[in-house]
Amino acid sequence: GSKPQYTVIGPSSRRACRASRSVQSWIRPRAARSSRISTSFTPSPLPLGAPDTNLFILGTTAHCRTFVPARGQTVRVPQQVIHQNRALARLRRPIATLAVVAMLSSGCYSYETRSFEITIPETAESSVVVARDGTLITTLVAPQNRTSARRLDEIPELVRNAVIAIEDERFYHHDGVDLKAIVRAARTNLEAGGISQGGSTITQQYVKLAIIENTEKTASRKLEEIWYALRLEDQYSKDFILLQYLNTVYFGHGAYGIKAAALSYFNKDVSQLGVAEAAMLAGLLKAPSRYDPFRDYAAGLRRSHLVLDRMLANDLLTAEEHAEAMASPPQLEQYEPRLETEYPAGHFVEEVRRWFLDNLAFGASRSIREMLLYEGGLRIETTIDLNLQTAAEQSVENHLPANQGHPDAAVVVMDPQNGHVLVMVGGRDFFADDEDAKVNLTVGNGRQAGSSFKPIGLAAALESGWE
């Protein structure tokens, strides 16, 4: 009654080379699964009349009965078993081909059973900069925009269904590797004369994205991917794996994760997406640049219609919902690179960014510091007072109005009790198109403060007792 347990098939050189003649596996009930699998494998023929045995091949169990008759013995096989064997025979050749090619391609490798824990990488999260009163100034976003969901229920079911329908429609029914998908992809690729379809499940895709560093397309790497996928499903729930995948996968335009994609393509939270919008985002996963709706809306729309068709075929949409979504193309929000989003105190925020990336206290190398700043989910609390900042910027405009030939001005206001910077106006407009707009006049950047201010500074020093 309990579902059979899978194990690793790890042949020795001699056993792998005769894999086309014998494939067996050791099994035990799912209820007895352990997080550490240790397999002892000694192939031996089962006696005549042995109890039914489960044969595991790439994540799928096929129910069969093993007969080992003596020489000259006649065995009467029930008609029902004959029909079952004929059905299995149709799959025997592609299954044997896949098994033999995978094993022989890896050189009839010798495998030793391993025991280890899978470590799920932390999902990258963008950092935020806040003012002295806790007001959000901006989110620091690198060219790769990452925003993560903490719980799966933050992502609407219709969005999840759209991704499952087009990427892995049997996600909740397999153990990490889908034999049906592999056979279907192999047949399609054979007919196409090349690789036109893949058989990777969502679990396998996540393994490739976040766990396996080796990106080579080799048989050994594919077997490693299968191994990790099976172990991942053994230790974690389907919902957990789906959440990690949706937070990690790339949707194009620098958007990693479904929440970042919703903002980048539709300028809305993922919870506000409709069916047509969810289908368009799900359609991007196969090839974000090819189906980019900002570049080629027709291609993206055709792909989204395929997603809707798969949702209907898998009973994830009603006929009425499908027809309505097909008749209502999603409206894109004009794409704007996140790094160019305007926010208050631009020169000040840029100085905070520069100070962080140059500070060895946050990492031994710049790449480590960049990863921490842009993916560490930091909350950077600053001393800036946004009300005083606005007043200072307005004062500059009042005395040196823009577009009248006046030079730029710089203003810094500090609290003399503790040295906190309350205001930093580094120029007229940090986000202007001028070549020198982002030059921060308050920190010099090679420019002197000006001779007219030197006597004021010297007088203050003399009043403080300096000689």
Side-chain angles (χ1 to χ4, degrees), residues 147 149 151-176 178 180-185 188 196-206 237-253 255 257-288 290-294 296-333:
T147 305
R151 303 184 314 275
L152 189 61
D153 58 14
E154 294 179 27
I155 304 171
E157 185 177 13
L158 67 91
V159 178
R160 289 178 265 154
N161 287 342
V163 173
I164 290 173
I166 195 64
E167 290 297 314
D168 186 4
E169 60 188 20
R170 286 169 39 82
F171 174 68
Y172 281 102
H173 301 286
H174 59 65
D175 284 333
D178 189 356
K180 289 185 177 181
I182 292 174
V183 173
R184 181 178 63 249
T188 302
S196 63
Q197 186 178 118
S200 295
T201 64
I202 282 177
T203 309
Q204 289 176 267
Q205 292 182 49
Y206 177 69
S237 69
K238 288 284 189 179
D239 287 350
F240 177 84
I241 295 171
L242 181 60
L243 175 62
Q244 297 299 316
Y245 174 78
L246 291 175
N247 279 337
T248 306
V249 71
Y250 184 58
F251 288 87
H253 284 286
I258 188 67
K259 292 191 71 173
L263 290 172
S264 295
Y265 287 93
F266 300 109
N267 195 27
K268 60 175 64 175
D269 187 75
V270 66
S271 62
Q272 300 173 323
L273 293 178
V275 175
E277 295 166 331
M280 179 162 281
L281 291 182
L284 292 170
L285 294 176
K286 181 179 181 180
R290 184 190 309 170
Y291 300 114
D292 179 4
F294 288 114
D296 188 345
Y297 186 83
L301 186 62
R302 286 193 300 271
R303 179 67 177 171
S304 72
H305 287 172
L306 176 60
V307 175
L308 293 172
D309 291 342
R310 297 310 307 159
M311 293 179 73
L312 178 63
N314 285 277
D315 296 325
L316 300 176
L317 280 182
T318 65
E320 292 75 14
E321 291 171 333
H322 176 268
E324 181 180 354
M326 293 285 282
S328 306
Q331 300 298 315
L332 299 172
E333 183 79 16

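Since this is a predicted model, take the numbers as computed values, not measurements.
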Shortest non-hydrogen separation from Y297 to P329 and the atoms involved: OH-CB, 3.4 Å
Centroid-centroid under 6.0 Å between F251 and Y265 rings: no
Sub-4.5 Å side-chain heavy-atom contact between M311 and H322: no
Any donor-acceptor N/O pair, Q204 side chain to T201 backbone, under 3.5 Å: yes
From NZ (K238) to CD1 (I164), nearest 0.5 Å: 9.5 Å
Crowding at CD, E169 (>12 non-hydrogen neighbours, <6.0 Å): yes
Side chain to side chain, F266 and L281, heavy atoms closer than 4.5 Å: yes
Nearest non-hydrogen partners of A282 and V307, listed with the distance: CB-CG1, 4.2 Å
Report all side-chain donor-acceptor pairs from residues 272-280 shorter than 3.5 Å, counting only partners two or more places apart or in another chain.
unit_1: Q272; atom_1: OE1; unit_2: D269; atom_2: N; d: 3.3
unit_1: E277; atom_1: OE1; unit_2: G274; atom_2: N; d: 2.8
unit_1: E277; atom_1: OE2; unit_2: K268; atom_2: NZ; d: 3.0

Side chain proximity check, Y245 to V163, heavy atoms < 4.5 angstrom: yes
Qualifying residues under side chain to side chain donor-acceptor pair (under 3.5 Å), relative to E167, sequence neighbours excluded: Q205
Ion pair D178/K180, N-O distance below 4.0 Å: no
L242 side chain near I155 side chain, heavy-atom distance below 4.5 Å: no
Between CG on residue L285 and OH on residue Y250, distance to nearest 0.5 Å: 12.0 Å
Minimum heavy-atom distance between N161 and L316, given as atom pair plus value: O-CD1, 3.6 Å
Test applied, side chain to side chain contact (heavy atoms under 4.5 Å, CB included); reference residue, R160; option that passes from L243, L152, I258: L152
Shortest non-hydrogen contact between P293 and L332, atoms and distance: CB-CD1, 3.6 Å
Pair Y206, N247: side-chain N/O donor-acceptor within cut-off below 3.5 Å: no
S304 side-chain N/O to L301 backbone N/O, donor-acceptor pair under 3.5 Å: yes
Salt bridge (Lys or Arg N to Asp or Glu O under 4.0 Å) involving R303 - partner list, sequence neighbours excluded: none
Main-chain N/O of I202 paired with D168 side-chain donor or acceptor, under 3.5 Å: yes
Cation-pi check, K286 onto Y291 ring (under 6.0 Å, within 45° of axis): no
Atom pair CG (L312) and CD (E320), whose distance is rounded to the nearest 0.5 Å: 10.0 Å
Donor-acceptor contact present, side-chain H174 to main-chain G176, <3.5 Å: yes
